[in-house]
Amino acid sequence: MTATMVSTMENTDYARLLEETADLMEIAGEDGFRIRSYRTAAAAVEGFLERVDDVLKDPTRKVTEIPGVGKGIAFALEEIHRRGSFERRDEMLEKYPPTALELLKIQGLGPKSIRAILEAYRVSTIDGLERLCKEHKLQLLPRMGAKLEEKVLRSIASYRKRAGRFLLDFATRTAEELITYLGAGEAAGSVRRGRETVGDLDLLVSGGDAAAMLDHFVKHPRVSEVLGHGENKASVKIGVEGLQVDLRTLPSESYGAAMQYFTGSKNHNVALRTRAVKMGLTLNEYGLYRVSDEVCVASATEADIYQALGLPWIPPELREGQGEMEAAERGELPRLIEGSDIRGDLHMHTTETDGRASLEEMAEAAHSRGYEYVAITDHSKALAMANGLDEARVVAFARQVRERNQAGLPVRVFSGLECDIRRDGAMDIENDALAELDVVVASVHSYMNMEPAEMTDRLLRALECPHVKILGHPTGRVLLHRDSFPFDFEAVAIAAAKNGVAMEINASPERLDIHATLIRIAKAKGCRFVISTDAHHPKHLGNMRYGVLTARRGWLEASDVINTRGAADLLSTLA
DNA sequence: ACCCGGTGGGGTGAAAGCTCATAAGCTTT
């Protein structure tokens, strides 16, 4: 690795190297506690508020001050800083090629199976694995059979389908990093529209010295490949992840037209151009022109273009060709919710279960975001792996929260619980204990492959529990990883509306659940909503922005979302 | 490998259920 790489290691890069080493050690069948140490350290490094680079460079500091980083991992971090890798990782990569890590992403195969496949067939790629399945060689190995071969083939198909897409937060952070680096620019495309996953990143910049801007762009330290570099545009791949980023430089007089064009969506642009044609105009990425004399009518700003087409400016989140044009025509665009409308966060975890920080730390982080309140909603006992709360701990927790609020906390803290919905739709915690809490989020975490009708009944029963106030991540999807479990969403939305249970818009970038289309369906059925981060670390509270984007994509206004209300109002709403 | 607490060593998140196969691996946050 080059010296330039060393100077640009982010905490996430250190964490990724530790994490992938842990994965390889798992395939190698090494000691579980040692593997966990690597994973703990990776999480600690990722969550560390300062840059590891800065600590390493400072002779008065030691990385061992990061809890979970001891002598061994401190040594590894220094080595990564110096040369981009460390000895243990190199050893592992000699035994198992890096493509083996990709195999871990195939559902149904874990480290043990992968090790068996590697040792029996020396196969370490997805293509090779596919071949083994098709030739029925996987079932020759112990504890593997025909069913597994089919499952693996299905997993490979869905893995390929999502390959090359990236989570919105990764794309957004990359965009912001590049814009800061360039000192100018704006993201267009699906990032600007707030889509939950994106294929590539379009950056636009106007004015200034275009050639110098593009030269500077392709030299960014995280650029791993330059795909093209012309007069007005450069394309690069960023990092090991390989996100493609296009930077276009534009004259300021056509900036609005380009922004409109590159923001899309395709469906929205088709509708907009159709409208232009009907008005004797033609719209392209350079501007809006009269057909008769080719005179440019608008081009400098998006608002100019929409206005010339007789429309108010349409927020990017609505530009999906889903009725926004008609609503704009009628002057009925929603007044979309904004980040500043949010006054609290009603779903988060602490070290009591699988979170990484204390109640006080979460409350402090909420305070510094300007919130009035939070609800601490740790897991219930069905999630044993996360050390979920039983009835006694729930009751004790509720009492403790009342006392701590009295004693003074940075923000008002509501006692809550993310209560598992059991297979039969019953709550995982008895009603008496639930009654002690301010807010109960009910979530499905298990048995996600039930028949749709059975799953619907399960959710409907959960919504009948009088203590349930919020349906958490209602569809269970994990982006680029797992599809929603199937059920009758409309029936559930109707029941939620009837029982006054808010639909959660889970702002975690891995979920963004429920998605925009379902939000609109639920709103039509009379549901109200809550936007929550499901934070497991203080910094996750910052994911609220993605939840707000998703709500905006679902046409929601502040009044649709209960955590835009003040604490007292919210409590009476919940009661 | 880390942490604690004490110079040698022990403990380390915490099940439960499913699938596929017949004891073990994988998934769930």
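Numbered from 1 within each chain, the chains take letters A, B, ... in sequence-line order. Hydrogens, waters and symmetry mates play no part in the numbers below; they use all other heavy atoms, side chains included.
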From CD of A:Glu510 over to P of B:dT29, roughly how many Å is that when rounded to an integer?
11 Å

Measure from the side-chain heavy atoms of A:Met385 and tell me the nearest of B:dC2, B:dT19, B:dA15.
B:dA15

List the residues meeting salt bridge (charged side-chain N to carboxylate O under 4.0 Å, His left out) with A:Glu30, not counting sequence neighbours, and say none if there are none.
A:Arg88

Nearest-Å distance for atom pair CZ/P, residues A:Arg36 and B:dT29:
18 Å

Within the pair A:Arg34 and B:dT12, is there a side-chain N or O less than 4.0 Å away from OP1 or OP2?
no

Partner residues of A:Glu352 under the salt bridge (charged side-chain N to carboxylate O under 4.0 Å, His left out) criterion, sequence neighbours left out
A:Arg393

Among the nucleotides B:dA14, B:dA15, B:dC2, which one has an atom lying closest to any side-chain atom of A:Ala384?
B:dA15

Geometric class of the A:Phe414/A:Tyr373 ring pair [parallel <30°, tilted 30-60°, perpendicular >60°]
tilted

Say you pick atom C1' in B:dT28 and the same atom in B:dA14; how far apart are they, in whole Å?
14 Å

Does B:dT29 have OP1 or OP2 sitting under 4.0 Å from an N or O in the side chain of A:His540?
no

Heavy atoms under 4.0 Å, any strand shown: does A:Thr40 hit a base, just sugar-phosphate, or nothing?
nothing

When all nucleic acid strands are considered with a 4.0 Å heavy-atom cut-off, which category describes A:His481: base, sugar-phosphate, or nothing?
sugar-phosphate

Taking all atoms of both residues into account, what is the closest heavy-atom pair of A:Ala491 and A:Leu460, and its distance?
O-CD2, 3.7 Å

Is the distance from OP1 or OP2 of B:dA16 to the nearest side-chain N or O of A:Arg423 less than 4.0 Å?
no

In whole angstrom, give me the gap between the P atoms of B:dA1 and B:dG6.
24 Å

If you count the non-hydrogen atoms of other residues, nucleotides and ligands that lie under 6.0 Å from OH in A:Tyr159, is the total more than 12?
yes

Pick the nucleotide of DNA chain B nearest each of A:Lys112 and A:Arg356; which residue has the one closer to the 5' end?
A:Arg356

Result for side-chain hydrogen bond (donor to acceptor under 3.5 Å, both in side chains) between A:Glu196 and one of A:Arg477, A:His515, A:Arg165 points to A:Arg477

Check every atom of B:dT29, B:dC26, B:dC2 against the side chain of A:Pro111 and return the nucleotide holding the closest atom.
B:dC26

Which part of the nucleic acid, if any, lies within contact of A:Arg88, taking any heavy atom under 4.0 Å across all strands shown: a base, the sugar-phosphate backbone alone, or nothing?
sugar-phosphate

Any idea which of B:dA1, B:dC26, B:dT28 is nearest the A:Ser113 side chain?
B:dC26

Of all the choices, B:dT29, B:dA24, B:dA1, which nucleotide is nearest to the side chain of A:Arg143 once you look at every atom?
B:dA24

With heavy atoms under 4.0 Å as the rule, sort A:Ile35 into base, sugar-phosphate or nothing.
nothing

Per atom distances to the A:Asp31 side chain, the nearest of B:dT28, B:dA24, B:dA1 is B:dA1

A:Leu389 has an atom CG; how far is it from atom P of B:dT29, in whole Å?
18 Å

A:Glu135 and A:Arg131 ion-paired at < 4.0 Å:
no

For A:Tyr38, which residues count as a ring-ring contact (aromatic ring centres under 6.0 Å, His included) partner, sequence neighbours excluded?
none

Tell me what A:Ala146 touches on the nucleic acid: a base, only sugar-phosphate, or nothing, going by heavy atoms under 4.0 Å.
sugar-phosphate

Taking atom C1' in both B:dG13 and B:dC3, what distance in whole Å separates the two?
14 Å

Got A:Arg422 and A:Met427 here, is their nearest side-chain heavy-atom distance under 4.5 Å?
no

Where the side chain of A:Asp354 is concerned, which of B:dG13, B:dA15, B:dT28 is the nearest nucleotide?
B:dG13

Does A:Gly388 reach a base, just sugar-phosphate, or nothing at all? Heavy atoms under 4.0 Å.
nothing

In whole Å, I'd like the distance from the CG atom of A:Asp424 to the P atom of B:dG17.
12 Å

Of the candidates B:dC20, B:dT29, B:dA1, the side chain of A:Lys147 sits closest to B:dC20

Using atom CZ of A:Arg477 as one end and atom P of B:dT28 as the other, report the distance to the nearest whole Å.
16 Å

Canonical and wobble pairing (Watson-Crick, G-U, under 3.5 Å) of DNA chain B, dot-bracket with |:
((((....))))..(((((....))))).

At less than 4.0 Å, is any side-chain N or O atom of A:Arg39 found next to OP1 or OP2 of B:dA1? Yes or no.
no

Respond yes when some side-chain nitrogen or oxygen of A:Arg511 is under 4.0 Å from OP1 or OP2 of B:dT29, and no when none is.
yes

How close do A:Gly500 and A:Arg528 get, heavy atom to heavy atom, and via which atoms?
O-NH2, 2.9 Å

Between B:dA1, B:dT27, B:dT12, spot the one nearest the side chain of A:Gln107, thanks.
B:dT27

Under 4.0 Å between a side-chain N/O of A:Arg393 and OP1 or OP2 of B:dA14, yes or no?
no

Nearest-Å distance, OH (A:Tyr447) to P (B:dA15)?
16 Å

Of residues 60-71 of chain A, the positions that come close to DNA chain B - non-hydrogen atoms, cut-off under 4.0 Å:
A:Pro67, A:Gly68, A:Val69, A:Gly70, A:Lys71

With rounding to whole Å, what would you report as the distance between B:dT29 and B:dA15 at their C1' atoms?
13 Å

A:His536, nearest nucleotide to its side chain (from B:dC26, B:dA1, B:dT29):
B:dT29

Check the distance between B:dT29's P and A:Met448's CE and give it to me in whole angstrom.
4 Å

Taking atom C1' of B:dC26 as reference, at what distance in whole Å does atom CD1 of A:Ile117 sit?
13 Å

Is it the case that the side chains of A:Ser443 and A:Glu418 hold a donor-acceptor pair, with the cut-off being a distance below 3.5 Å and no angle test?
yes

Rounded distance in Å between the P positions of B:dA16 and B:dC20:
23 Å

Checking A:Arg458 now: which residues fulfil salt bridge (charged side-chain N to carboxylate O under 4.0 Å, His left out) with it, not counting sequence neighbours?
none

How close do A:Pro509 and A:Leu479 get, counting heavy atoms only, and between which atoms?
O-CD1, 3.2 Å

